Amino acid sequence: MTNEEILKKINLANKNTVMEVLDISYIEFTGDSITAEMPVTHKTHQPYGLLHGGVNAVLAETVGSYLSILQFTPEDRKSAVGMNINVNHLKAVKSGKVTATAKFLKKGVSIHFVEIIIRNDKGEITAQSTMTNKIINIK
């Protein structure tokens, strides 16, 4: 499956999920990184009109999880589940869109440690996250 086919498949998987509610769409997958974008609108705001920190966490966990999950084929009978996420909110965002890119800091056999950088339209870092994913066997 090509990277374009993978992106199409995971974008279709957003149907009836929080990713669909937040309009998250995956725009790039290289194998070792994945990028998604999300519009910043009233749906993602907290009461002061800023991007909600919890929405940053959802975006970070979404790309961080998929990066690990996409390392496996159905024949591998493996997947990944999040164990921990930490998000540092560095710059407020009121409008436009944010882009999150997840990359491996460590890709082990049983644990993946991922860093996610979220940027605004100007390319400025607005949030930084780390996530630990446990690799599990599936039936």
Side-chain angles (χ1 to χ4, degrees):
M1 189 176 291
T2 69
N3 288 350
E4 288 176 1
E5 292 170 327
I6 290 169
L7 288 171
K8 183 176 181 181
K9 181 179 178 180
I10 61 177
N11 277 310
L12 287 173
N14 282 353
K15 186 94 173 125
N16 298 318
T17 68
V18 69
M19 287 78 77
E20 181 181 42
V21 171
L22 297 175
D23 297 318
I24 294 171
S25 61
Y26 311 96
I27 59 171
E28 184 178 27
F29 176 63
T30 68
D32 289 326
S33 71
I34 188 168
T35 301
E37 62 185 14
M38 180 186 70
V40 179
T41 68
H42 70 280
K43 291 192 308 187
T44 60
H45 284 166
Q46 41 86 307
Y48 297 119
L50 304 173
L51 177 61
H52 193 289
V55 174
N56 267 340
V58 169
L59 178 59
E61 185 156 352
T62 297
V63 294
S65 293
Y66 258 125
L67 180 61
S68 287
I69 291 166
L70 291 171
Q71 302 307 301
F72 304 104
T73 67
E75 294 77 28
D76 293 328
R77 302 175 65 92
K78 294 192 179 291
S79 192
V81 293
M83 294 175 55
N84 183 54
I85 189 162
N86 178 39
V87 183
N88 297 295
H89 309 288
L90 305 173
K91 185 174 182 71
V93 181
K94 293 182 179 182
S95 62
K97 71 177 178 182
V98 289
T99 304
T101 300
K103 294 181 180 181
F104 289 110
L105 293 177
K106 177 167 179 45
K107 186 177 164 185
V109 174
S110 61
I111 299 285
H112 289 173
F113 191 58
V114 179
E115 181 178 49
I116 302 100
I117 301 294
I118 301 175
R119 297 178 185 273
N120 63 16
D121 287 335
K122 296 177 185 175
E124 300 166 320
I125 296 175
T126 61
Q128 178 273 346
S129 178
T130 54
M131 180 177 185
T132 306
N133 293 321
K134 174 138 182 75
I135 307 310
I136 60 168
N137 294 315
I138 55 174
K139 295 181 180 191

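By convention here, the first residue in the shown sequence is residue 1. As the structure is a computational prediction, the values presented were derived from the model and not from experiment.
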Option passing side chain to side chain contact (heavy atoms under 4.5 Å, CB included) with Met131 (candidates Asn84, Val87, Ile116)
Ile116
Contacts of Phe29 meeting ring pair (Phe, Tyr, Trp, His ring centres under 6.0 Å) (sequence neighbours excluded), chain-then-number -> none
Answer with yes or no whether the hydrophobic clustering places Val63 together with Phe104; edges join I, L, V, M, F, W, Y residues whose side-chain heavy atoms lie under 4.5 Å apart.
yes
Taking the six-membered ring for Trp, are Tyr66 and Tyr26 parallel (under 30°), tilted (30 to 60°) or perpendicular (over 60°)?
perpendicular
Taking side-chain contact (heavy atoms from CB on, under 4.5 Å) as the test, write out the residues that go with Ser79, two or more places apart.
Ile69, Ile136, Ile138
Can you list every pair that meets salt bridge (Lys or Arg N to Asp or Glu O under 4.0 Å) and has a residue in residues 25-45, with sequence neighbours left out?
Asp23-Lys43, Glu37-Lys97
Considering non-hydrogen atoms only, spot the tightest contact between Ile135 and Ile111 and give its length.
CG1-N, 4.1 Å
Residue pair Thr2 / Glu5: nearest heavy atoms and the distance that separates them
N-OE1, 2.8 Å
Co-membership, hydrophobic cluster, residues Val98 and Val18, 4.5 Å side-chain
yes
What pair of heavy atoms forms the shortest contact from Gly31 to Gln71, and how long is it?
O-NE2, 2.8 Å
Taking all non-hydrogen atoms of both residues into account, name the closest pair between Ala13 and Thr17 and its distance.
O-CG2, 3.7 Å
Give a yes or no on this: more than 12 heavy atoms of other residues, nucleotides or ligands lie within 6.0 Å of atom CD of Glu4.
no
